[in-house]
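Every chain is numbered from 1 and lettered A, B, ... according to where its sequence line falls, protein lines coming before strand lines. Given the structure is predicted, the values throughout are model-derived calculations rather than measurements.
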Number of protein chains: 2
Amino acid sequence: MKLQQLRYIVEVLNNNLNVSATAESLYTSQPGISKQVRMLEDELGVQIFGRSGKHLTHVTDAGNDVINISREILAKVESIKAVAREHTLPDQGKLNIATTHTQARYALPDVIQGFMSKYPKVSLHMHQGTPSQISDLAAKGEADFAIATEALHLYNDLVMLPCYHWNRSVIVNKDHPLSKKGSIDISDIAKYPLVTYVFGFTGRSELDQAFERAGLTPKIVFTATDADVIKTYVRLGVGIGVIASMAVSDELDSDLVKIDASHLFDYSTTKIGFRKGSFLRSYMYDFIERFAPHLTKDKVEKAMMLKNNDEVEKMFKGVTLPVK
Amino acid sequence: MKLQQLRYIVEVLNNNLNVSATAESLYTSQPGISKQVRMLEDELGVQIFGRSGKHLTHVTDAGNDVINISREILAKVESIKAVAREHTLPDQGKLNIATTHTQARYALPDVIQGFMSKYPKVSLHMHQGTPSQISDLAAKGEADFAIATEALHLYNDLVMLPCYHWNRSVIVNKDHPLSKKGSIDISDIAKYPLVTYVFGFTGRSELDQAFERAGLTPKIVFTATDADVIKTYVRLGVGIGVIASMAVSDELDSDLVKIDASHLFDYSTTKIGFRKGSFLRSYMYDFIERFAPHLTKDKVEKAMMLKNNDEVEKMFKGVTLPVK
DNA sequence: GTCAGTTACGGCCCCCGTAAGGATC
DNA sequence: GATCCTTACGGGGGCCGTAACTGAC
């Protein structure tokens, strides 16, 4: 059994059982992969992939188990390399962060700036995507961290740590009737056409829940994946906006009126996620702590040992998180 | 990085940094190992072993981390092989049990007999040893299961599940004064020369504790690692014996008088231990359940996910175990 | 002087890449 | 017919084993 054989079967699955595509993605030849896969199957005495004629059609039960274990092995191989780099060049390395527009635009810039000035030799990569793309990148090990508010809970091989709470504000044009009201309630919002986040993004579920609880149906006329687009359409008079409070700037958005709505919705929790069992470089621990000061190296290591994310939630039950 | 390189460094450590001995134990040449170790070090850019001149003197910090991860990788490689065998030959395989005399002689025979008749194609190996040897075998993966009462708690990469409680009986010759007493207390025992287990064996610590609690010092004149030897010396009149109740047979030991002493000592708990993260064959789950009926596959899998053995103890806190 | 690890060298196996063949859609 | 995997074959690298060398106790 060779490590590359394990790499091959994992990548073949990642490429939807297309061996040719796999070969290209690994910069090697297709027959090479085919052969190694069959050699591994011969050695183990089990089919990993089901075949109809010469096409791979599905993953067998045994194959599924084998591939899952292989993934763990390959993750640990990466850990060994990370350990080695940590001992030779503690301040050098890579940091791949997968995150959403909201985080990248409003929550991360300060942290990133501080981080980059302390670790000039760490090459930082940001990948923007949908919450599920983000989780996927982290689960496959292509990103070190996933930072988002939604959808992270689906992956059980990611550890997800709560970073901060946030809530929403309503934004309206200055001439809008709501701009004069001191405080608003949920029925005020339901009266007007609404512009907000797309489902599955940036705490959208808490928003829907609040309306449902109140027995109201909001008139959502436009949804976007980021606050900047939402603000643009609010300015055009398409409707009133509901966005994360941190996305409204006093200076840049002085033409809009911001009305706090944190009493109307449950708070959302932004989380940072990474692969269970992976070795974290010291600068990674530092990054986490810069982003969420309560997540010290100690706490993170403890959380990594828990068996699932329900346990992690329990662990942080009593902790008061920062609010943004 | 090659799997064999990882195997080499792990085995070099297992052989006390002696490369020649390692080569012999792996049936390969010494220069081959030396070279692969250095190649791995070169690739990682870190020394794994510290050297003074040409001798390996110690393991570096980095090397320690690397070797620990390597062990996990190699364990998972074994898991892959086990998965494969499980899918091809579910009723064939090996089962290596490391245990003490007491278990092998009194607790296991019934279980083994039933197991062997159900799984005639599983080749069963029993390794008898001291509790710490047993733990060691299991931790290194040379035994699938460790079954013992003592010393298992020291290894944190073993999962240890409680199997049954047991307590002690006093055995005396028929003409001994105690043979007439209906019930005895701890001071009765302290009066006479005592023959019992060696320290570190078969729940010896609970025995010592009971005397200490009572402020008494037993006159221990002879210790042995197994009940058969103890019984022999009791017969010779060397002293009275204190052994596990299950080690006294009504038929075979009819020349001795057995006096229950379970009210005098804390019960001991015999445990079964195996490597965390290893893949257990279906017949292994069956073996566990035959030995300890409350340990169903479900329960065992749950326990494997816990982070340490304190958690395991918590999990089984409310469960009433069989008594032997 | 003995033991232990390193260096040097040669053989062999295995892995990979190219090219051609056959199956499936 | 296009796509995709398999088989066949040749080249090259790397792993292993033997043998000789060198440093340490």
Side-chain angles (χ1 to χ4, degrees), chain A residues 1-60 62-63 66-67 70 73-74 77 80-81, chain B residues 1-60 62-63 66-67 70 73-74 77 80-81:
Chain A
M1 191 182 315
K2 305 273 149 52
L3 282 174
Q4 337 185 350
Q5 294 174 329
L6 304 185
R7 252 175 232 127
Y8 286 170
I9 57 173
V10 168
E11 278 302 304
V12 167
L13 182 56
N14 283 348
N15 285 274
N16 302 313
L17 306 181
N18 184 325
V19 179
S20 305
T22 307
E24 231 172 293
S25 79
L26 293 177
Y27 307 104
T28 182
S29 73
Q30 177 271 319
I33 295 186
S34 279
K35 189 168 190 193
Q36 291 306 320
V37 171
R38 315 181 101 260
M39 287 185 65
L40 180 60
E41 289 179 327
D42 286 351
E43 180 181 346
L44 295 179
V46 209
Q47 293 265 109
I48 292 170
F49 300 109
R51 295 160 170 84
S52 97
K54 297 198 166 182
H55 288 256
L56 305 190
T57 56
H58 64 281
V59 181
T60 63
V66 171
I67 289 174
S70 298
I73 291 177
L74 296 172
V77 168
I80 287 185
K81 293 182 188 167
Chain B
M1 191 183 314
K2 305 274 150 51
L3 282 174
Q4 338 183 353
Q5 293 174 331
L6 304 185
R7 250 174 233 125
Y8 286 169
I9 56 173
V10 168
E11 278 303 304
V12 167
L13 182 55
N14 282 348
N15 285 275
N16 302 314
L17 306 181
N18 183 326
V19 180
S20 305
T22 307
E24 231 172 295
S25 79
L26 294 177
Y27 306 105
T28 184
S29 72
Q30 176 272 319
I33 295 187
S34 277
K35 189 167 188 194
Q36 291 306 321
V37 170
R38 315 183 107 256
M39 285 185 67
L40 180 61
E41 289 179 327
D42 285 351
E43 180 182 345
L44 295 178
V46 210
Q47 292 266 107
I48 292 170
F49 300 108
R51 293 158 170 86
S52 96
K54 296 196 167 185
H55 289 256
L56 305 190
T57 55
H58 63 282
V59 181
T60 63
V66 171
I67 290 174
S70 298
I73 290 177
L74 297 172
V77 168
I80 287 185
K81 293 180 187 168

Taking atom CD of B:E24 as the centre, does the number of heavy atoms from other residues, nucleotides or ligands within less than 6.0 Å exceed 12?
no

Sequence neighbours excluded, which residues qualify as side chain to side chain donor-acceptor pair (under 3.5 Å) partners of B:N14?
B:E11

Of all residues at least two apart in sequence or in a different chain, which pass the side chain to side chain donor-acceptor pair (under 3.5 Å) check with A:Q30?
A:S34

For DNA chain D, find the residues of residues 20-34 of chain B with a heavy-atom distance under 4.0 Å and give them by number; none if there aren't any.
B:T28, B:S29, B:P31

Name the residue from A:V46, A:L40, A:L6 that meets the side chain to side chain contact (heavy atoms under 4.5 Å, CB included) definition with B:I80.
A:L6

Does the pair A:F49 and A:V59 meet the rule for a side chain to side chain contact (heavy atoms under 4.5 Å, CB included), with working shown?
CA-CA 5 Å; A:F49 300 109; A:V59 181; 4.1 Å; yes

I'd like the 5' and 3' limits of the part of DNA chain C contacted by chain B, with heavy-atom contacts below 4.0 Å.
C:dA4 to C:dT7

Nearest 0.5 Å please: distance from the CG atom of B:N16 over to the OG1 atom of B:T22.
8.5 Å

Can you list the residues that meet the salt bridge (Lys or Arg N to Asp or Glu O under 4.0 Å) rule with B:R38, with sequence neighbours excluded?
none

B:Q5 CD to D:dC15 P: how many Å, rounded?
7 Å

Could you state the CD-C1' distance from A:Q47 to D:dC5, rounded to the nearest angstrom?
14 Å

If you check the A:H55 side chain, which of D:dC25, D:dC4, D:dC16 turns out closest?
D:dC4

At what angle, to 10 degrees, do the two end axes of the helix from C:dG1-D:dC25 to C:dC25-D:dG1 meet, given five pairs define each axis?
30°

Any side-chain N or O of B:Y8 less than 4.0 Å from the OP1 or OP2 oxygen of D:dC16?
yes

Would you say B:K54 reaches D:dT22's phosphate, i.e. side-chain N/O to OP1/OP2 under 4.0 Å?
no

Touch check for B:F49, heavy atoms < 4.0 angstrom, all strands: base, sugar-phosphate only, or nothing?
nothing

